[in-house]
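Residue numbers begin at 1 in each chain, while the letters A, B, ... track the order of the sequences.
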Amino acid sequence: MARKSISNYEYTEEYNFLGTEIKAISFHLPEIVLSNEQLSELYGDWTPEKIYEKTGISKRHIAGKNETALDLAVKACKNLFEDHEISPEHIDFILLATQSPDYLLPTSACILQDKLGIPKSAGALDFNLGCSAYIYGLALAKSLVTTGIANNILFVTTETYTKYIHPSDKSTRTIFGDGAAATLITQSESEKIGSFVFGTDGSGAENLIIKAGGSRKPKADIMSSEIKSDKDSIPTEENLYMNGPEIFNFTIREIPKCFHEILGKSSLTVDDIDMFIFHQANKYMLDYLRKKIKIPEDKFYVNLSEIGNTVSSTLPIAIAMAYEEKRIKKGDKVMLVGFGVGLSWGATIIEI
Amino acid sequence: MTNKEKLGLLEEMLDIEENSLKEDMDLEDVENWDSMAVISFISLLDEKFGKQITASQIKAFKNISDVLEVME
């Protein structure tokens, strides 16, 4: 799997206020693969072809039983350091987005600091967002660099949603895959991370949720109230629940608006953008959005097939792959749009 | 749009034979009317009629004529 990307990293002590940019991206996908053939064997009524036709996905990578989001994060960061010859000692801030942390506490980003040998003088924090996290992380990183608070931001997105999915929940299992991405954001000679648009609608919280396991419904409570014989056969409140139709509704309601807002805020038109990269939710949704918004097909990047929906990592993986495939090049303007769990969404326009 | 045209759109959406849908048909008996069809119907309604509909509204439908009623 290609994992190299934008590599113009060169460490500098000098700080100036000219701008920020994504200097490098690397990612890591777990080795275990779940194919449409395997899914089709499990759920007789769907052929591998039908699964592909509906989702645009032919396989997803699944974290092993003892492989956690933090493990994936460490590998993605090591790839970043090796591929782009970046030294961990230059990192002065870690941002880590995950909804599948190793522990309720402490913070994954703190453990990551130690595992990677990043200086103790670095700041580190986790934030809990899913499919919109990449946009938020870029905004936070840009703010930290622009204000002079930090210079070299290691921004990590990592998820193992598949651990939350009940084995019988076939529609969700066909979509999600696990993965992690590491992005380095630093100062640059011009501003390459543009304006941002954000959106939040907590009234849709229940449409993509794991109800039990937090303080509202602690695990111990639901364990004792559960009928044991049912526990292994049907999804419980500890599993990921996704109301697909309502998430689809939310997307077609909010994303076209968000798309026009970010263009307006940036004083750009569709023609000015070289590539549109949306959160890789599933092909059906992406196709519908592309047609509704009227984006030319050759400027709309889709790379679900071999990866699936890796939640917060779909955008950085897509940027890295589009660059590797030469679909985008230095100087290109790329619109990024993230949307999902929260409900939460956001968009920005970057220059490669 | 006539009911016949609407039925045609639904048949196309469900990828089933032309003229196979009847207005009084129970949705439980309609081939391919599944969770994916609910999403397809949401997009059909948005695309062709500029209307939004919730999943629970669709779940309340009993037969094809209930479906046709919102297609305007």
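Two rings, from F276(A) and F300(A), have their centers 6.0 Å or more apart.
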Query raised in the report: Are I16(B) and N32(B) close enough, and set up right, to give a side-chain contact (heavy atoms from CB on, under 4.5 Å), and what steps lead you there?
Result: CA-CA 8 Å; I16(B) 57 177; N32(B) 293 345; 3.9 Å; yes

Requested in this report: Dump the intermediate steps for side-chain contact (heavy atoms from CB on, under 4.5 Å) on Y134(A) and L129(A), then the final yes or no.
Outcome: CA-CA 9 Å; Y134(A) 198 69; L129(A) 279 175; over 6 Å; no

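Residues of residues 286-296 of chain A lying within less than 4.5 angstrom of chain B, judged on heavy atoms, are Y288(A), K292(A) in numerical order. Applying a 4.5 Å heavy-atom cutoff, none of the residues of residues 58-72 of chain B approach chain A.
D34(B) touches chain A through its side chain: at least one heavy atom from C-beta onward sits under 4.5 Å away, while N, CA, C and O do not. Contact annotation for K170(A): neither backbone nor side-chain heavy atoms come within less than 4.5 Å of a heavy atom of chain B.
Counting only distance, with no hydrogens or angles, the side chain of K59(A) and the backbone of G308(A) share no donor-acceptor pair below 3.5 Å.
Donor-acceptor pairing under 3.5 Å is lacking for the side chains of S40(A) and T47(A). Inspection of the D178(A) and T160(A) side chains reveals no N or O donor paired with an N or O acceptor under 3.5 Å.
Using a 30° and 60° split on the angle between ring planes, F339(A) and H279(A) fall in the perpendicular class, above 60°.
With respect to the salt-bridge test (charged N to carboxylate O, under 4.0 angstrom), the residues K257(A) and E254(A) qualify. Look at E238(A) and K211(A) and you find no salt bridge, because none of the NZ, NE, NH1 or NH2 atoms lies under 4.0 Å from a carboxylate O.
Considering T310(A), L29(A), T174(A) as possible partners of R60(A), the one that fulfils the side chain to side chain contact (heavy atoms under 4.5 Å, CB included) test is T174(A).
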